Amino acid sequence: MWNLTRFASSRLSRTRRLFSSVIPGPCIVHKRGTDILHDPWFNKDTGFPLTERDRLGLRGLLPPRVISFEQQYDRFMESYHSLEKNTKDQPDSVVALAKWRILNRLHDRNETLYYRVLMDNIKDFAPIIYTPTVGLVCQNYSGLFRRPRGMYFSAKDKGEMMSMIYNWPAQHVDMIVLTDGSRILGLGDLGVQGIGIPIGKLDMYVAAAGINPQRVLPVMLDVGTNNQKLLEDRLYLGLRQPRLEGEEYLEIVDEFMEAVFTRWPKAIVQFEDFQMKWAFETLDRYRKKFCMFNDDIQGTAGVALAGLLGTVRAQGRTLADFPDQRIVVVGAGSAGLGVLSMAVQAVARMTGKNETAAQNFFLLDKDGLITKERKNLDPAAAPFAKDPGQIVGLREGASLLEVVKKVKPDVLLGLSGVGGVFSEELLKALRESGSTRPAIFAMSNPTMNAECTAADAFKHAGENIVFASGSPFENVNLGNGKVGYVNQANNMYLFPGIGLGSLVSGARFITDGMLQAAAECLASYMSDEEIQKGILYPSIDSIRHITAEVGASVLRAAVAEELAEGHGDVGPKELAHMSKEETVGYVFRNMWYPIYSPLVQEK
Ligand SMILES: NC(=O)C1=CN([C@@H]2O[C@H](COP(=O)(O)OP(=O)(O)OC[C@H]3O[C@@H](n4cnc5c(N)ncnc54)[C@H](O)[C@@H]3O)[C@@H](O)[C@H]2O)C=CC1
Ligand SMILES: CC(=O)C(=O)O
Ligand SMILES: [Mg+2]
């Protein structure tokens, strides 16, 4: 089942080679002159060749010298580096926002150059357009707002969404990321300001999965906010009312989903950062009706499972030992429960036993250990609730420290959204773990919400640990030339491939089988040598390569489940006849690459 295929080592150079020979096809525009210069989809700034300036009515609207794409790229990077130099004494948050602003201005002006810069510098720029800086951007969104991006559907638009959806200028949309802003990273309810998250996720879709940026749509469903500070903020740009609840809420989401799939029946909708009750309810409500998934529940689960399997290998054990791993999960929200469900399914498949599959997993929330004695036990958490007395001395609501001391877990995995909850005392207690190589996953975002820092983990829990965090940390210098490797356990390793594989297969729905295939692909991506060093996930530099592999696995699972209806000219039979390698090639060929296309005007 877990086939540990080893991929060639130079994945990055292979990806680069694949795209170096891209010949840009023509791009149809329906505008001329300044309208083109003001449209970031088509604008090339000073890069328009003279012949194109003549054809499109641009002569005289630009300085006469034509600057090549490479020169434009270099100019941008020079200005970025001087900004870095000029702000080096400023507080981190000021620098982060300044970097976000310079990237955002390019995004607003020239998307081709923006995405090229982003792709080629993904390691440096992901922390700006994605976690952690995107969290800061959301917190300050109303003040930072200059131009809209994406679409906003509010509770006041009830009954209008079917026509509103046609206000979006693109004929085709492939990928939509939707939020209601109710649980933005670990920052809570940010109302309409949460739109930064769909924008950042879709930037990752373009950079990692090569989804054409003209075919992505970030969406905010503004149903109000319960954040009192925002409601009182005179700059706040969202509806000033408490969140809709119950049927009123669901009617808004239903109407939006009907509108989207009426206009774009082949689109894929990713639900992102919904508070737990709506995350589960909407997943359940739509997953057999529309092509959609919930990234926080399902994407996170696959990434965590891949990391957990990597941890077993890092201990020098085989995957068959996974069911024996004692795993403490801190946080019983959409992410924590998603991870446990997938991990339990994996154990059940390995052992063939459903009843005992959850026995080595321990779940805690803000009230401590969850047992069957919990009052008002959430049905979603019930399968993981312990029998009190199952472990001597562990009672309902036992503290995290008590649980760690008793259980001596192999893995401590945090998805609580609470910064620092893995205290010094707790990390020291992990030294008594039964594992030869305990693992700490501090997966909450952004950085300040991580359960512990990388440096603290290695300092207090010991140098032999495996460490992963949701937001990036620098590797830790352990002295004597030794390095404590920091992994980024973030759903960014899977959601782009889940979306891409579903898109290019033409899948009708996104099933557990497709998600499992994605997780297995990620789990098998790393070599034993890498895993021994504590490296559980690929470098983000090779994100396009891993996304193509994940996308191909998802596609093949969709074919196997007879859900693939084909994409473009490629029908379901052709998809079914592709070998594994051919499928990866097909997925790569469907990726958009940022390069200027000749613009052809049609009236
Ligand atoms: N690394 C990644 O790829 C991902 C990370 N996350 C992060 O996970 C965090 C949680 O997300 P959700 O599950 O959607 O949130 P949620 O709000 O649904 O759940 C949070 C859970 O943490 C529990 N909790 C709160 N304080 C606690 C404490 N002191 N000790 C133990 N448990 C505590 C709550 O009771 C609740 O069960 C967020 O910070 C989010 O950014 C979420 C998805 C993906
Ligand atoms: C990474 C992500 O999806 C989250 O923190 O919510
Ligand atoms: Mg999320």
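Both ligands and their constituent atoms are indexed starting at 1 by order of listing. Predicted, not measured: the structure shown is a model, and the values here were computed from it.
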For F509, does the six-membered ring have the charged nitrogen or CZ of K288 within the cation-pi criterion, i.e. under 6.0 angstrom from the centroid and within 45° of the normal? no

Can you name the N, O or S atom of D273 that is closest to the Mg ion (ligand 3)? OD1

Polar contact flag for N449 and ligand 1 (N/O pairs, less than 3.5 Å): no

Do ligand 1 and M443 have nitrogen or oxygen atoms that lie under 3.5 Å from each other? yes

Of the listed options A304, S416, G419, A381, closest to atom 20 (C) of ligand 1 (non-hydrogen atoms): S416

N490 N/O to ligand 2 N/O under 3.5 Å: no

Of the choices M492, R183, K277, which has the non-hydrogen atom that lies closest to atom 11 (O) of ligand 1? R183

Closest candidate by heavy atom, reference atom 30 (N) of ligand 1, pool L364, D365, N294: D365

Taking heavy atoms and a distance under 4.0 Å, where does M492 meet ligand 2: side chain, backbone, both or neither? neither

How far is atom 5 (O) of ligand 2 from the closest protein heavy atom, and which atom is that? N445 ND2, 2.8 Å

Using a strict 4.0 Å cut-off to heavy atoms of K201, name the atoms of ligand 2 that fall inside it. 1 (C), 2 (C), 3 (O)

Among E451, K366, Q488, closest by any non-hydrogen atom to atom 23 (C) of ligand 1: K366

Any idea which part of N445 is under 4.0 Å from ligand 1, heavy-atom wise: side chain, backbone, both or neither? both

Whether F458 and F467 hold their rings parallel, tilted or perpendicular, with breakpoints at 30° and 60°: tilted

Quick one: which ligand 2 atoms are inside 4.0 Å of a heavy atom on Y130? 1 (C)

Can you tell whether the side chains of R395 and E373 come within less than 4.0 Å, N to carboxylate O? no

Can you list the atoms of ligand 1 that are under 4.0 Å from a heavy atom of G186? 38 (C), 39 (O), 41 (O)

For the pair R374 and E396, find out whether any cationic side-chain nitrogen is under 4.0 Å from an anionic carboxylate oxygen. yes

In terms of the angle between their ring planes, are H545 and Y525 parallel, tilted or perpendicular, with boundaries placed at 30° and 60°? tilted

Using a 4.0 Å heavy-atom cut-off, say whether T300 meets ligand 1 through its side chain, its backbone, both or neither. side chain

Counting heavy atoms under 4.0 Å, the part of T131 that contacts ligand 2 is neither

Is the ring pair F322/F361 parallel, tilted or perpendicular, if the boundaries are 30 and 60 degrees? tilted

Does V330 have a non-hydrogen atom less than 4.0 Å from ligand 1? yes

Among G333, G307, A450, A335, the residue with a heavy atom nearest to atom 19 (O) of ligand 1 is G333

Do Y537 side-chain atoms and V303 backbone N/O form a donor-acceptor pair below 3.5 Å? yes

I'd like to check which ligand 2 atoms, numbered from 1 as shown, lie under 4.0 Å from a non-hydrogen atom of R183. 6 (O)

State the atoms of ligand 1, each with its element, that fall below the 4.0 Å cut-off from a heavy-atom position in A489. 1 (N), 2 (C), 3 (O)

Those atoms of ligand 1 less than 4.0 Å from some heavy atom in M276: 18 (O)

Can you tell me if D296 contacts ligand 1 (heavy atom of the residue under 4.0 Å from the ligand)? yes

Flag N491 as yes when one of its N or O atoms lies below 3.5 Å from any N or O atom of ligand 2, and as no otherwise. yes

Regarding E272, does it place an N, O or S atom less than 2.8 Å from the Mg ion (ligand 3)? yes

